[in-house]
Number of protein chains: 2
Amino acid sequence: MGKFGLAETHLTCGDCPIRHRAVCARCETEELAALEETKYYRDYEPGQTIVWGGDEMDFVASVVSGVATLSHTMEDGRRQMVGLLLPSDFLGRPGRRLAPYDVTAVSKLTLCCFRRAPFEDLLLSTPAINRRLLEMTLDELDAAREWMLILGRKTAREKIASLIAIVGRRDAALHMMRADGQVVFDLPLTREAMADYLGLTLETVSRQISALKREGVIRIEGNRHVTVPDFPRLMEETGDDTDGGLLS
Amino acid sequence: MGKFGLAETHLTCGDCPIRHRAVCARCETEELAALEETKYYRDYEPGQTIVWGGDEMDFVASVVSGVATLSHTMEDGRRQMVGLLLPSDFLGRPGRRLAPYDVTAVSKLTLCCFRRAPFEDLLLSTPAINRRLLEMTLDELDAAREWMLILGRKTAREKIASLIAIVGRRDAALHMMRADGQVVFDLPLTREAMADYLGLTLETVSRQISALKREGVIRIEGNRHVTVPDFPRLMEETGDDTDGGLLS
DNA sequence: CTGCGACTTTGATCGAAATCAAAACAGGTG
DNA sequence: CACCTGTTTTGATTTCGATCAAAGTCGCAG
């Protein structure tokens, strides 16, 4: 929150319903206006690949709506998700043309794109955007490192609880928690995608979700719609320290 | 390599035998000179904790010599390494005072430290350093994401091969490969630290190293000194695509 | 409503790594 | 040199999650 005293002043970009975290009011200059003109939108269908690992990416983008994933795939088909992009998240690595992993839409997805060249020009002339991107990259790094703990040391049950807590917390922050303390949201991922996130098989994911359901930790209607009646109870299952992570 | 056209021009800092990747010749200004004056060195013994997770860190630093690790610890003692710092690596997160995980020396270690306040002042006034830090953070993020694939989807044997390949490649780049193609280096980690890196137990680490030794993929003298007679052969064991990773 | 395909759950069995336990091996010290 | 402590190796057994297999749902298109 405002590590450089800027974070509260995002600019809502043109017709986008979200706030672009990479480009904010403070950065408003002629260059930014020029950038606006290179902006374009792109829609993707569920399952569609946006970029293949190794491809050139000639743009950077913000997620306007929907969910996308970053994932590594090994030749034999084993897959590991390494990033999850929700609305307002940024896609692209300034200064690096080659995508190191696959980017895939897991739902209907709209991106707001900027061409690489003018964006990098803006980067050179506008230090504030550089600082913002450093901030955002540090956040991604924190998330990746928390994820490493999940992958390396947590049990299947703890992994599932952690994922539900992460998505639930992020959604709750957006949509407001319900007055009675229940947290209600839709899982944006299939069981298979959850498995790829957590380094499990989809059968194990399903079994652990069933177990948490059976024990009343969560409730689920129709495969995706989740209710967490008692969030602290869920947090106990994650194996994390009880404070729930003050880190970000 | 010179993503912003700067990377080749690091400044060797004062008496430090290493190059500080965060602070380079291009950044040379009065501010940098001021920063130099706040510089100080600190030595640590193997096993010594440099920062505890949650502590305030009032400095940033470069590793001059030795090896340090970043790791998460759960209350019940499970531990996961999330970062490995070798000479010339940078420690510290500009704009963030609280350390999110433990930093521990695993060998004799010397840090070259800068106080936080003047360093962040420099950051505000010197865009080139900002760009450099963004570069370095993106490298860390790439490393973390490759690590996630290792943790989530690789077998114990592939994990060990990957770790030896990573350390070997990094050392080989530094010390030069031997003419006959053999790669020779010292593992900077105990079996336990390797286990914490890879999300395994130390017994499994030991067994897999023994297996690779038995099959002639590696040779080891006295617990730490490793010889890889045929690097491509080792790479086959990592499960990675044969190109060995053009990513960094 | 009916039927189809994709997604999900559940069950039975297997196997890789964890755990428990002990022996062997450094490598430093008196 | 012999001892001592911490690290590493090896062995026996258990366990959690993977794998193989089948049945059950969901949600949609006709």
Side-chain angles (χ1 to χ4, degrees), chain A residues 45-48 67 74 76-80 105-108 150-164 186-215 218-226 237 239, chain B residues 45-48 74 76-80 106-108 150-164 186-215 218-226 237 239:
Chain A
E45 292 302 311
Q48 203 181 342
V67 181
M74 299 168 70
D76 62 6
R78 281 178 282 176
R79 199 145 19 102
Q80 177 62 52
V106 295
S107 66
K108 266 179 155 292
I150 293 173
L151 288 171
R153 291 301 185 196
K154 290 194 179 180
T155 64
R157 165 181 266 250
E158 289 169 336
K159 286 178 174 181
I160 295 291
S162 299
L163 176 56
I164 294 175
D186 285 313
L187 275 176
L189 302 173
T190 65
R191 299 290 183 269
E192 189 182 24
M194 293 172 73
D196 286 342
Y197 189 119
L198 299 171
L200 298 170
T201 60
L202 75 169
E203 294 97 324
T204 298
V205 169
S206 179
R207 273 186 249 276
Q208 297 299 334
I209 289 181
S210 297
L212 291 175
K213 216 161 51 179
R214 207 177 314 124
E215 296 166 33
I218 57 175
R219 244 170 296 134
I220 300 196
E221 286 132 74
N223 274 344
R224 295 292 256 257
H225 193 73
V226 179
E237 297 290 345
Chain B
E45 291 304 310
Q48 203 181 342
M74 299 169 70
D76 62 6
R78 282 178 282 176
R79 198 146 21 102
Q80 177 62 53
V106 295
S107 65
K108 268 180 153 292
I150 293 173
L151 289 170
R153 291 302 186 197
K154 291 194 180 179
T155 64
R157 165 181 265 251
E158 289 170 336
K159 286 178 174 182
I160 295 292
S162 299
L163 176 55
I164 294 175
D186 285 314
L187 274 177
L189 302 173
T190 65
R191 299 289 182 266
E192 188 181 25
M194 292 172 72
D196 286 342
Y197 188 120
L198 299 170
L200 298 171
T201 59
L202 74 171
E203 293 97 324
T204 298
V205 169
S206 180
R207 274 186 247 277
Q208 296 300 335
I209 288 181
S210 297
L212 290 174
K213 215 161 50 178
R214 207 176 314 124
E215 297 166 32
I218 57 174
R219 242 170 298 133
I220 299 196
E221 286 132 75
N223 275 345
R224 294 294 256 257
H225 193 73
V226 179
E237 296 291 345

Distance check needed: [N] [atom2] versus [X] [atom1], whole Å only.
X        : N      : atom1 : atom2 : value
B:Arg153 : D:dA18 : CZ    : P     : 8 Å
A:Glu158 : D:dC16 : CD    : P     : 12 Å
A:Arg78  : C:dA16 : CZ    : C1'   : 13 Å
B:Leu200 : C:dA16 : CG    : C1'   : 11 Å
A:Gln208 : D:dA18 : CD    : C1'   : 13 Å
A:Leu212 : C:dT9  : CG    : P     : 12 Å
A:Lys154 : C:dA18 : NZ    : P     : 18 Å
A:Glu221 : D:dC26 : CD    : C1'   : 14 Å

Can you give me every donor-acceptor pair (side chain of residues 197-209 of chain A, partner residue at least two apart or in another chain, under 3.5 Å) with its distance?
{"unit_1": "A:Thr201", "atom_1": "OG1", "unit_2": "A:Thr204", "atom_2": "N", "d": "3.3"}
{"unit_1": "A:Thr201", "atom_1": "OG1", "unit_2": "A:Thr204", "atom_2": "OG1", "d": "3.1"}

Under a 4.0 Å N-O cut-off, is there an ion pair linking [X] with [Y]?
X        : Y        : value
A:Glu158 : B:Arg78  : yes
A:Arg157 : A:Glu215 : yes
B:Arg224 : B:Asp186 : no

Mind running side chain to side chain contact (heavy atoms under 4.5 Å, CB included) on B:Leu163 and B:Met194 for me, showing each step along the way? CA-CA 8 Å; B:Leu163 176 55; B:Met194 292 172 72; 3.7 Å; yes
If you round to the nearest 0.5 Å, how far is CD of B:Gln48 from NZ of B:Lys108? 10.0 Å
Report yes if at least one side-chain N or O of B:Thr201 is closer than 4.0 Å to OP1 or OP2 of C:dA18; otherwise report no. yes
Report which part of the nucleic acid B:Gly47 touches: base, sugar-phosphate, or nothing (heavy-atom distance under 4.0 Å, all strands). nothing
Each nucleotide in nucleotides 8-13 of chain D should get exactly one letter: B, S or -. Can you fill that in based on protein heavy atoms under 4.0 Å? SBBBB-
